Amino acid sequence: VSDNVRSPRVSSAPPPANGNTVSQDLAEKQRPRREERPHYSNSQSHKQHHYSHQSRLEHQIEELESQHYLSPSDQVKLENLQDKLESITSRTQSSQFHLPNSSSHSRSDLYYGKAQAQVQVQAQAQATRTVNWEAEQFRRAQQLNLKTDDKIHVNDDREYEYVFDESQYVNYEEDEILSGDEASNQQDPQIAEKGEIEDVQQSLPVYKYKDELLKIVSQNQVLIVVGETGSGKTTQLPQYLYHAGYSHNDTKIIGCTQPRRVAATSVAQRVAQEMQVNLGDKVGYTVRFDDKSSARTKVKYLTDGMLLREFLKDPQLDSYGAIMIDEAHERTLSTEILLSLLKDLTETRKDLKIIIASATINATKFSQFFNNSPILNIPGRRFPVKIHYTKQPEANYLQAIITTIFQIHLTQPLPGDILVFLTGQEEIENLETQVHEAVVKLGDQLKAHGKLLVCSIYANLPHEQQQRIFEPTPPMARKLVLATNIAETSITIPGVAYVIDPGYVKQTEFNPSTGMESLLVVPCSRANCDQRAGRAGRIGPGKCFRIFTKHSFDHELEVNQKPEIMRINLNSVVLLLLSLGINDLIRFPFLDPPNKQSLIKSLNLLRSLDALNSRGALTSTGAKMSEFPLDPTYSKCILESEKYQITREICIIIAMLTESANLYYSPKKLGRELVLKRREEFASKQGDHFTLLNIYRQWSNVGGYSSQWCQDYFTQYKTLKRARNIYEQLIKICTKIGMKLNPERDHIAEDDASNDLLVQKCLMSGFFNNVVKLSPMGDCYQNIDPKKNKTPCFIHPSSILFKKRNPKPRFLMYYELILTSKEYMRNCLILDDRVVADIVDKKSQR
Ligand code: ADP
Ligand code: MG
């Protein structure tokens, strides 16, 4: 592979949380990424491991061979597995040398299509490797005799040892320097950060601009504030506004919006602390399905989506004295709609103060949008950051990250924390486990270099754990923060001197080939990468390690991230705007108008959900739907459930579906078999929706909502607790809009076949676009809608129906599509032919 070609920057979502591919993926990731190095091993246990590895390989091969359809990447995978098996059998029989396989799990072999060529090249390389294997092994065996044991390799009975020495390091080349700020050298922020609250507040860059800022605010209705991440915008500005009297003697609220829940909750907590009040009292937050605010709350942090919903109740936002739209540069859909609505509001609410805060410099756009309102630039404190690129594309970026972490820890001086940007909870948890394992194995080796404290931050992390990332790192230790891109601009982590950036982000994207939205991991933009790098320059000169090549940065990455309005479906927003009485969407003052086609698509969908009448006006159903903070598809199902008297069941299913991605966990110590067996107890033959219902019912009725029950059944307590919270709120909304609720039932839905049919029918009222039929070959599923693209879809390995073979269900409904190696359907439900016939009838009528 030449220097300037890297593995395609099209990637996959992290491996599924459960299912067969996981053990394999984990095994793949644990393998040292570097060159094959023989290790002498004479322990019996090692041999046993070969056997268990062997049986696992055999199992995986069987699993693949039993599939009717194999994508090119699957084929290569199969060949690789067969090769491995062959080499392992010969090893266990005749030799004591352990030769880790070099073909590491690469992103490219998960991706097929554009990467086919690459996969073929890999396949060829694999073939050559196999031919050379014997000769190579002989050579290595000879070499081995010459090697002394001065390298750090930690032997235990694992299949693969962690080997760590310079020859294993990732090769980086140094490139440009992201320049710092003059102001940065004048103070030592670290000292200030450790001081009392007041000292910390006064050490923040915004502090010096407090008077100027308040003066501009008093003279202008709208102000754009641009400042480096960590300069104090989010935590300080609302406080300044509050103390300057914009709460009008506590009769009005100072609101501050955040695109992310975690940012809203964690910042609110911090500000409550700074103002020395209890959270939920004077300072509070409101995010979807979680409200820590009260009538006394005057400084309120909320997600942009929640403020948007407040427009429904309070179209003039009369309860607000000032509003700060934070992180405007992120250009989330809700933020952009808010900007438009606020622009409109400036006409009628002359007293409302508006601050638009942004981290990057595209502030002129916001200023122009608000009739050239003033811009206040707050020079941040930023030290220069050296950027390092990998010399070559790294096939396995997770492995490269781990190597880089230890590379930094073993070679760079203390203090200096490490921040790693990952794509989501699963990836973070995965990496955390691997780092812990490596720490244990490298034990003595690390001692001289200080402790490595691992902590993480992502959307669903409980509060107490979130707070850990802000705790100062003790002396002779290094903090390792594994974060999603929440740490890019929303949350400032003190003490970071090293950033590791694989250059990916997970986001919802509209997939033109399926006409559907799916959640996928995509390369982030150059602007994102530079933001991320900037995080390394807060306490002193920093370093950023990019796990991709300079060429890739220059030629493959977009300059800026596409605004969300261009990427996702507009259903919720269109419904909301219509409920606000904004009917002329084509002339609505968008910051950047969305594609007309997407608008029309959403209008059509809302029409088929009966939210709009034939003249395009909101119906009473539509008005009720907009009460739910859910995608219209889901709220439609809830409304429909009244007719069948199954509202409670549907609300449980929907609450569980929204949380289902983090429901299960598999304790490492116990075998997967046991975990699966326990899970089977709730499995419904009908599929995941009923399984989720069963789990919830068992947890509530038998387990008494306890955490012990969750432990017993390998489900995550915090996930179920959240689902309960969501369920209760949905029921509250149902009551509020006058729906008649069915009595609580405690039986398992599956006992009652007619009930099942009702649930199916009800779900179909919203999810009618997610119906697929088994293909004629029986190898995959395809949408029943002839107008939709015939992209093959597959049951996600986490599904209860994944293993169902004889007969394969003819019709399925899925909850969501996830594009990894192929288009996977997560959460599937078997549909009765009669229900499908109904759908087809209805579709043809439309
Ligand atoms: P900006 O919005 O300009 O990026 P912030 O107001 O978020 O800046 O951050 C200002 C300072 O407050 C940073 O040094 C950050 O580390 C600190 N901070 C923010 N949240 C917390 C928290 N929950 N605990 C401790 N410190 C925090
Ligand atoms: Mg901020």
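No hydrogens, no waters, no symmetry mates; every other heavy atom, side chains included, goes into these values. Quick caveat, the model's predicted, so the values are computed rather than measured. Order of listing sets the numbers, starting from 1, for every ligand and every atom in it.
Residue Gly232 has at least one N or O atom closer than 3.5 Å to an N or O atom of ligand 1. Ligand 1 has no nitrogen or oxygen under 3.5 angstrom from a nitrogen or oxygen of Asp326. Residue Phe470 places no N or O, backbone or side chain, under 3.5 Å from any N or O of ligand 1. Residue-to-ligand polar distances place Lys233 within reach of ligand 1: an N/O pair is separated by less than 3.5 Å.
No side-chain donor-acceptor contact under 3.5 Å links Tyr301 and Asp326. Side-chain polar atoms of Asp304 and Gln258 form no donor-acceptor pair below 3.5 angstrom. A donor-acceptor contact closer than 3.5 angstrom links the side chains of Glu274 and Gln236.
Salt-bridge check for Lys300 with Glu310: passed, with a basic side-chain N closer than 4.0 Å to an acidic carboxylate O. Using a 4.0 Å cut-off between a side-chain N of Lys or Arg and a carboxylate O of Asp or Glu, Asp501 and Arg532 qualify as a salt bridge. Using a 4.0 Å cut-off between charged side-chain N and carboxylate O, Lys365 and Asp592 make a salt bridge. The residues Asp554 and Arg526 are annotated as not salt-bridged, no charged nitrogen and carboxylate oxygen being separated by less than 4.0 angstrom.
At a threshold of 4.5 Å between non-hydrogen side-chain atoms, the residues Tyr285 and Ser293 do not count as touching. For the pair Arg260 and Asn485, the minimum side-chain heavy-atom distance is below 4.5 Å.
Checked against the 6.0 Å centroid threshold, Phe545 and Tyr172 count as a close aromatic pair.
Of all the atoms in ligand 1, the ones that sit under 4.0 Å from a non-hydrogen atom of Glu228 are 3 (O). Near Ser231, meaning under 4.0 Å from any of its heavy atoms, are these atoms of ligand 1: 1 (P), 3 (O), 8 (O). Numbered from 1 in the order shown, with element, the atoms of ligand 1 that lie under 4.0 Å from a heavy atom of Thr229 read 4 (O). Listed by atom number, the atoms of ligand 1 under 4.0 Å from Gly230 heavy atoms are 1 (P), 3 (O), 4 (O), 8 (O), 10 (C). Interface of Ser266 with ligand 1, defined as ligand atoms under 4.0 Å from a residue heavy atom, comprises 23 (N). Under a 4.0 Å criterion applied to the non-hydrogen atoms of Thr235, ligand 1 contributes the atoms 5 (P), 6 (O), 9 (O), 10 (C).
The option with the heavy atom closest to atom 11 (C) of ligand 1, from among Thr492, Thr489, Val496, Leu204, is Leu204.
Every heavy atom of Gly227 sits 4.0 Å or more from the atoms of ligand 1. Note on ligand 1: Val267 sits outside its first shell, no heavy atom being nearer than 4.0 Å. Distances from ligand 1 to the non-hydrogen atoms of Arg538 include at least one value under 4.0 Å. Under a 4.0 Å heavy-atom criterion, Gln273 is not in contact with ligand 1.
Distances from the Mg ion (ligand 2) show that Thr235 has no N/O/S atom below 2.8 Å.
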